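To start, the structure under review is shown below, and the notes come after it.
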Amino acid sequence: MLTFESKTTRKVGGLAEVPPELARNLTGRSFETTLVTPSHGLRIEGGVVLEEEIAGAKYRVLTARLDGLDHYIVEGGLFESGDVYGGDLPSKALVFARIVKGLFEKSLREGSSPDLVHAHDWHSGISLVGLNSLIVKEGLKPRLVYHIHLLSKAWFKREDLEGILSGRLVGGVYGVREFSEYYDLSQGFADKLIPLLADKTVTVSADYAKTVEKWVGLKHPLKVEAVPNGSPWSPGMVLEHVQKLAGAKGVEDRAVTRRAVLRELCSKNVAELSEEWYKTLKSLGVDPASDTWHQCFEEDGDLVLSTGRISRQKGFEVLLKALEKTIVRNPRLRLLLMVIPVPGSESLIEWMVRYLRVYERNLKIVFGRVPKSLYVPAHYATRVYVAPSLYEPFGLVALEAMASGTPVLASNTGGFKTTVLDLRVVGLKGTGILFETGSVEQLASYLSDLTLLMSVEEVESVEVGRVAERIADPRVRDLLNEHGAPFVIRRSCVDRSREFGWGMSVLKLVEVYTGIQPPGD
């Protein structure tokens with residue numbers, strides 16, 4: 001199983017959760033599974049199984065057992081940096097492809113080649129192109145599966161890709177042909193080429209499968225299968241983290257956990273940042289080490305949380321534009337952003353900081369990776385989790401929030417349409433609200449409504465009527481007619497999260513694996 005990031009080594013986003021959990025559950029079903037991933041500067045102790053020199057740089061592949069899983073870790077050269085997706089990413093992908101092919105050739109010599117190679121996203125998926133040519137040349141039968149988590153417009157020159165081939169021929173949806181023919185069909189785009197050459201392409205939701213098929217080209221005989229992700233968190237795991245931070249009282253009373261979370265966030269710099277990003281943020285007027293950036297909300301209020309890497313895709317601009325409209329209706333709203341800077345996000349960070357200076361009473365931004373011991377309880381402590389993505393193939397963040405018993409206000413896109421059950425449609429069995437993607441007006445309105453609805457869990461019964469008067473949508477307002485509505489909604493969230501387990505994901509994946517007919521069968 002090939003991946004450019006994994007929570008067992010370096011994690012950037014939700015992708016890092018998927019390969020190791022699939023590998024773990026496949027192993028539990030008697031598959032022998034090995035993860036192959038770059039070190040990204042992480043120092044690993046292990047035996048050296050392969051050494052190569054590429055473009056003057058030396059690389060090694062080490063065997064390691066991490067978090068109960070077998071790994072091949074690629075270190076050296078371009079993989080010495082801890083910035084997973086920084087630098088010349090296409091060159092990193094091509095180097096990784098050459099090393100993966102070297103590992104495959106070594107396994108052939110030793111008589112232990114894999115039956116299947118499963119690659120996640122284009123960074124590791126390019127490796128399938130090189131393996132495909134080797135399989136055709138040697139008349140081999142290993143199956144190639146390509147797993148798309150997020151489509152990319154990554155593009156390669158034909159001559160660069162030809163450098164990882166073992167011959168001119170490759171096999172694909174149109175049979176064995178010259179590589180140049182498939183390259184021309186794809187126009188050099190990785191996420192068009194790899195699906196044409198893989199034995200099977202899968203993605204994370206049925207909605208996104210249609211998007212992938214359109215991107216590759218509906219004229220091609222390509223059927224993309226959906227393999228939903230599992231929830232990275234269990235409700236039990238959430239409660240363990242809450243109890244460690246806020247004790248048994250924190251489990252019983254989310255307000256206790258909320259105060260404990262904010263106390264930690266406001267007393268010191270808790271987020272992990274590279275030295276490079278620390279300097280970048282400081283140049284933009286953000287000093288995470290200063291007392292100013294530890295200061296928190298002046299008063300307690302209705303805490304709302306949103307997390308993720310800083311990119312336009314994640315919709316933070318829509319959320320911040322909605323903030324002013326939201327606090328007019330609910331001045332007690334307190335928005336907490338836990339966000340991770342990534343290459344190219346500098347201008348967006350600068351824009352976010354301007355909002356912070358204007359709305360400092362209602363907004364706090366934590367830049368960097370927050371430790372799990374605090375990150376998880378923050379989800380438990382919040383009234384509402386907001387997922388404003390402009391597009392989101394699956395969205396593990398929704399499952400994390402629901403495992404914490406927190407309803408989700410999500411854009412009506414991708415996997416959110418599958419995971420989030422709309423309260424306006426199914427009542428108290430719902431787990432949140434879906435708003436029109438990119439709509440500042442709808443986000444603001446429903447953030448106010450949902451936050452006010454959930455705030456009833458901490459108000460006196462005589463105040464419920466006053467809260468109800470401030471809820472604009474009658475479908476949301478009417479939920480307050482049910483006794484203990486916020487508590488029922490939180491229970492519905494937890495129940496919904498349990499429906500998305502990795503065991504179910506692997507059952508679907510095994511079905512996909514066994515449905516592939518290798519060449520020659």
Side-chain angles (χ1 to χ4, degrees), residues 1-2 90 93-94 96-98 100-105 107-108 113-148 151-203 206 208-227 508-521:
M1 190 164 287
L2 315 179
L94 290 169
F96 188 70
R98 289 182 60 174
V100 166
K101 192 169 76 165
L103 276 173
F104 194 94
E105 290 169 333
S107 70
L108 284 177
S113 61
D115 298 312
L116 186 143
V117 180
H118 183 154
H120 295 264
D121 274 350
W122 70 269
H123 330 92
S124 62
I126 283 296
S127 301
L128 300 185
V129 177
L131 292 180
N132 184 304
S133 68
L134 178 62
I135 288 168
V136 170
K137 179 181 179 181
E138 301 294 337
L140 306 172
K141 294 186 178 181
R143 293 159 286 178
L144 304 178
V145 174
Y146 183 41
H147 202 141
I148 295 177
L151 281 169
S152 163
K153 292 184 178 179
W155 180 87
F156 289 84
K157 294 179 181 178
R158 191 175 83 180
E159 54 266 34
D160 289 339
L161 292 174
E162 287 173 340
I164 63 173
L165 302 180
S166 296
R168 294 183 306 166
L169 299 179
V170 291
V173 295
Y174 296 108
V176 176
R177 292 189 178 186
E178 294 269 345
F179 171 73
S180 59
E181 294 184 50
Y182 280 107
Y183 180 87
D184 290 343
L185 287 174
S186 71
Q187 301 172 302
F189 291 104
D191 274 341
K192 292 187 178 185
L193 176 63
I194 305 167
L196 293 176
L197 299 181
D199 292 300
K200 177 58 72 174
T201 297
V202 300
T203 190
Y208 208 60
K210 296 175 184 176
T211 301
V212 172
E213 289 172 355
K214 289 178 183 177
W215 169 247
V216 177
L218 294 175
K219 63 183 178 181
H220 301 305
L222 178 72
K223 172 65 176 174
V224 178
E225 299 283 351
V227 178
K508 176 60 179 176
L509 187 58
V510 171
E511 181 183 316
V512 170
Y513 285 171
T514 54
I516 301 171
Q517 293 299 316
D521 280 20

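Throughout, numbering of the chain's residues begins at 1 and tracks the sequence. None of the values given here were measured: they were computed from a predicted structure.
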Please tabulate, for the side chains in residues 158-169, all donor-acceptor contacts under 3.5 angstrom to protein atoms that are two or more places apart in sequence or on a different chain.
from: R158; atom 1: NE; to: E162; atom 2: OE2; distance (Å): 3.3
from: S166; atom 1: OG; to: K101; atom 2: NZ; distance (Å): 3.1

Between atom [atom1] of [X] and atom [atom2] of [Y], what is the distance when rounded to the nearest 0.5 Å?
X    : Y    : atom1 : atom2 : answer
L196 : R177 : CG    : CZ    : 10.5 Å
F189 : I194 : CZ    : CD1   : 13.0 Å
L193 : D184 : CG    : CG    : 10.5 Å

Determine the minimum heavy-atom distance between [X] and [Y], stating which atoms define it.
X    : Y    : answer
S152 : A154 : OG-N, 2.9 Å
S107 : P114 : OG-CD, 3.7 Å
A190 : I126 : CB-CD1, 4.0 Å
V173 : P195 : CG1-O, 4.3 Å
Y146 : A198 : CB-CB, 4.0 Å

With sequence neighbours excluded, what pairs up with F156 under the ring-ring contact (aromatic ring centres under 6.0 Å, His included) test?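 So F156 forms a ring-ring contact (aromatic ring centres under 6.0 Å, His included) with W122.
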Residues forming a ring-ring contact (aromatic ring centres under 6.0 Å, His included) with F96, sequence neighbours excluded: F4
Does H123 have any side-chain hydrogen bond (donor to acceptor under 3.5 Å, both in side chains) partners at least two apart in sequence or in another chain, and if so, which? none
Who are the side-chain hydrogen bond (donor to acceptor under 3.5 Å, both in side chains) partners of K192, not counting sequence neighbours?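 With sequence neighbours excluded, K192 shows a side-chain hydrogen bond (donor to acceptor under 3.5 Å, both in side chains) to Q187, given in chain and number order.
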Tell me, which pairs form a side-chain hydrogen bond (donor to acceptor under 3.5 Å, both in side chains) where one or both residues lie in residues 125-134, sequence neighbours left out? none
Check the pair L144 / L197 against side chain to side chain contact (heavy atoms under 4.5 Å, CB included), numbers first and verdict last. CA-CA 8 Å; L144 304 178; L197 299 181; over 6 Å; no
For a 4.5 angstrom cut-off between non-hydrogen side-chain atoms, does [X] reach [Y]?
X    : Y    : value
V129 : F179 : yes
Y513 : D115 : no
T201 : V216 : no
L509 : H118 : yes
P90  : W155 : no
F104 : L140 : yes
L2   : V117 : yes

Show me the side-chain donor-acceptor pairs of residues 217-225 shorter than 3.5 Å, one per line, residues at least two apart or across chains.
from: H220; atom 1: ND1; to: Y174; atom 2: OH; distance (Å): 2.8

Please collect all salt bridge (charged side-chain N to carboxylate O under 4.0 Å, His left out) contacts where either partner lies in residues 118-137, sequence neighbours excluded, each pair once. none
Should E213 and K210 be marked as a salt bridge (Lys or Arg N to Asp or Glu O under 4.0 Å) after you check the CA-CA gap, both sets of side-chain angles, and the distance that decides it? CA-CA 5 Å; E213 289 172 355; K210 296 175 184 176; over 6 Å; no
Hey, does the side chain of Y208 reach the backbone of I148 with a donor-acceptor pair shorter than 3.5 angstrom?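 No.
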